[in-house]
Amino acid sequence: MSSLLITGGRVIDPASGGDGLADVLIRDGRIEAIGSGLADSEATRFDATGAIVAPGFIDMHVHLREPGIEHAETIETGARAAAAGGFTSICCMPNTLPVNDSATVTSYIVQRAREVACVNVFPIGAITKGSLGDELAAIGSMREAGIVAISDDGRPVMNARVMRRAMELAVTFDIPVIDHCEDLNLSAGGDMHEGRTSVRLGLRGIPSASEDVMVARDLLLAELTGARFHVAHLSTLRSVEMVAFAKSRGLKVSCEVTPHHFAITDEELATYDSNYKMKPPLRCRHDADAVIEGIVSGVVDAIATDHAPHPGSEKMQEFERCPFGITGLETALGLSLAELVHKGRISLMRLVELFTTGPANILKLDCGTLAVGAPADVTIFDLSREWTYDVQQSYSKSRNSPFHGRRFRGGPLATVAGGKIVWNFQDKNRE
Ligand SMILES: [Zn+2]
């Protein structure tokens, strides 16, 4: 069938620890060989000289809005934005309409993704029916239909007894429980991080403690049940410390951070631009620094975008009325390079790990590696090309990014999913 030969790139594969110049030969959707001087006269060629060739990036936290909210995003457009950001696999959160709390909705997403998505889509099922926090969702049948984790993301599970039962079931079905850690009573009415800046701007605050108390509770429940527990979009100093402590105690705990939580802080809210409004809110400098320290020290397992598209009509309202959330698929790699690699904080190997083996291990996915025989998902990116993010050119249906107009150095060059080039910077430039 079809083959693709990627030549001359610097191949970085955290799964094997490999880092060196090599060609990558792909045949029939699988990695066929890696080595120097590979040849295949039939193959399409991609010259990756001067670029990094990595396993396909995985974003374990994306909102695709289909079914039900297709004016904000669809599985097709979200997948295209993912490909443009260098992602070959995305996990979609269940807060659609209806909520993905049954095998019917899970099957719909799986089927629809097969038809229209240019990258792999792995659904995450709800923990509770309608994500209302009371009754457990049909976790077993969703698992059979293809979910890779459970979460009520967008909301926490406030009832500790319900969370305990969910964790016990998750052990049975061998899936992680992902919590959006927020105590709704503590955060109620808040629009931004509570601190000096919120006081100065006169906006209502969401204290770091609203995240911390929920992380603490969930870690205790994870210890009680033995569940694999994952903190979504971790954003505070204390949460980093508690996850580190839990890991040192041998708990099966993991966490992700978003690029916006380490790249920018609550100071940005001074413009009252609703594209800086999200949950958890942009924190102050010392929380952002702690998140970066967690990345450097190894406490953080994955970078995830929390891509949360909202149409302009909703984000144009006055600040207090705007929904929370920003898009993020197309800027994640550029921001991570800028804040983590170009500033000398982490190695390229560590960066690639945060986007590949990190999330793959949490979710037990068979992707995230360039091992011979693995699915041919490859992300090719560079470190030097200067480019400017233009949100009007986004593949997403929504435009709610705070990074419009931002200059980047390095970013995705081509994205290969299932052995096919699904996005190519060169093509986009020719358009
Ligand atoms: Zn969330």
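Order of appearance sets the numbers: ligands from 1, and atoms from 1 within every ligand. Bear in mind the structure is a predicted one, so any value in this text is a computation, not a measurement. The figures here come from the full heavy-atom set of this structure, side chains too, leaving out hydrogens, waters and symmetry mates.
- Of all protein atoms, those of element N, O or S that lie under 2.8 Å from the Zn ion (ligand 1) number 3.
- With His193 as the fixed residue, the side chain to side chain contact (heavy atoms under 4.5 Å, CB included) test singles out one of Ser235, Ser198, Ser208: Ser208.
- Judged as a ring-ring contact (aromatic ring centres under 6.0 Å, His included), and not counting sequence neighbours, the contacts of Phe87 are Phe355.
- Note on ring orientation: taking the six-membered ring where Trp is involved, the planes of Trp423 and Phe425 are tilted (angle from 30° to 60°).
- Here His63 pairs with His61 under the ring-ring contact (aromatic ring centres under 6.0 Å, His included) rule; sequence neighbours left out.
- For the pair Lys277 and Phe319, the cation sits on the ring face: its NZ or CZ lies under 6.0 Å from the ring centre, inside 45° of the axis.
- The ring-ring contact (aromatic ring centres under 6.0 Å, His included) search around Phe403 returns none, not counting sequence neighbours.
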